[in-house]
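Taking it in order: structure first as structure tokens, then the write-up.
All values below were derived from every heavy atom in this structure, side-chain atoms included, with hydrogens, water molecules and symmetry-related copies excluded.
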Amino acid sequence: MDLLQSLRTHFGHEAFREGQEAVIRALLDGESALALFPTGAGKSLCYQLPAAINDGRTAIVVSPLIALMHDQVAQLGAMGIRAALLNSSQPAAHQTETLQNARAGKYKLLYLSPERLARVDTLEWLRDLPISYFVIDEAHCISEWGHEFRTEYRELHSLRTHFPEVPIAAFTASATSQVRGDIAEQLQPREAD
């Protein structure tokens, strides 16, 4: 597969930034990864490009930043890459339609908040989706959430239990060695930086 051509076709870039191609190849090869890139280094591209070229499957992106999810869904849509998000501010009819489309494999990326993932019904309907991989964006929050994470956000950790064959990629711009350890303990990704 010519990743450089896919990069040009889908995103209009002529070259990868340092480290991007390795993370993209890991996801395409079905491997989990922990990507530590500075702000502005193109973390989002690392999970958006493999999703764009992965036919019939959906990348599930978990992010605590609702505004960023809206921006990314809009940008992807403008590039012709089908993406959606689910959050509690949407009308129930819209949420139902999004879930139906997700089950049918119509999205390349589906964005969820950690709170949405923690809902009892979410793991149930995720089992019905053709998932390519999970993405945990702003993964340093796992460490910052601390004990609250272990109760309200425990579903992030349970992804490995409920979806043992599905790769998990964690992305962050800021992670001390302790934070990297917390991420690895909770999500068990393979580190790639």
Which atom names give the shortest non-hydrogen contact between [X] and [Y], and what distance separates them?
| X | Y | answer |
| --- | --- | --- |
| Ile81 | Ala52 | CD1-CB, 3.8 Å |
| Val166 | Ser132 | CG1-O, 4.1 Å |
| Ala35 | Val23 | CB-CG2, 4.0 Å |
| Asp137 | Pro64 | O-CD, 3.7 Å |
| Leu85 | Thr98 | O-CG2, 4.2 Å |

If only atom types and distance count, is the side chain of [X] paired as donor or acceptor with the main-chain N or O of [Y] below 3.5 Å?
| X | Y | result |
| --- | --- | --- |
| Gln20 | Arg17 | yes |
| Arg8 | His13 | no |
| Ser32 | Ile168 | yes |
| Gln95 | Gln90 | yes |
| Thr122 | Arg116 | yes |
| Thr58 | Leu109 | no |
| Asp2 | Leu4 | yes |

**Message:** Test of understanding: with ring pair (Phe, Tyr, Trp, His ring centres under 6.0 Å), list the residues that count as partners of Tyr111, not counting sequence neighbours.
**Reply:**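 Result, ring pair (Phe, Tyr, Trp, His ring centres under 6.0 Å) vs Tyr111: none returned.
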**Prompt:** For Phe11, which residues count as a ring pair (Phe, Tyr, Trp, His ring centres under 6.0 Å) partner, sequence neighbours excluded?
**Reply:**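 For Phe11 there are no ring pair (Phe, Tyr, Trp, His ring centres under 6.0 Å) partners, ignoring immediate neighbours.
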**Prompt:** What residues, two or more places apart in sequence or in another chain, satisfy salt bridge (Lys or Arg N to Asp or Glu O under 4.0 Å) together with Lys108?
**Reply:**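 Counting only residues at least two positions away or on another chain, Lys108 forms a salt bridge (Lys or Arg N to Asp or Glu O under 4.0 Å) with Asp55.
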**Results of salt bridge (Lys or Arg N to Asp or Glu O under 4.0 Å) for Glu165 - residues two or more places apart only** =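 If we apply the salt bridge (Lys or Arg N to Asp or Glu O under 4.0 Å) test to Glu165, skipping adjacent residues, there are no hits.
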**Request:** Check whether any side-chain heavy atom of Leu27 sits under 4.5 Å from a side-chain heavy atom of Cys46, and report yes or no.
**Result:**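 No, too far: nothing below the 4.5 Å cut-off.
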**Request:** Can you sort out the partners of Gln75 under side chain to side chain donor-acceptor pair (under 3.5 Å), two or more places apart, ordered by chain and number?
**Result:**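 Gln75 satisfies side chain to side chain donor-acceptor pair (under 3.5 Å) with no residue once adjacent residues are dropped.
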**Message:** So, using side chain to side chain donor-acceptor pair (under 3.5 Å) as the criterion, who are the partners of Gln5 when residues are at least two apart?
**Reply:**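 Partners of Gln5 under the side chain to side chain donor-acceptor pair (under 3.5 Å) test: Thr9.
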**Asked** Mind checking whether Met69 and Tyr107 sit in one hydrophobic cluster, side chains of I, L, V, M, F, W, Y counted as touching below 4.5 Å?
**Response**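 No, because Met69 and Tyr107 fall into different hydrophobic clusters, even though each may have its own neighbours under 4.5 Å.
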**Request:** Working to the nearest 0.5 Å, report the span between CG of Leu34 and OG1 of Thr172.
**Result:**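 Answer rounded to 0.5 Å: 8.0 Å.
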**Message:** Is it the case that the ring center of Phe171 lies less than 6.0 angstrom away from the ring center of Tyr47?
**Reply:**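 Distance test on ring centres: under 6.0 Å, yes.
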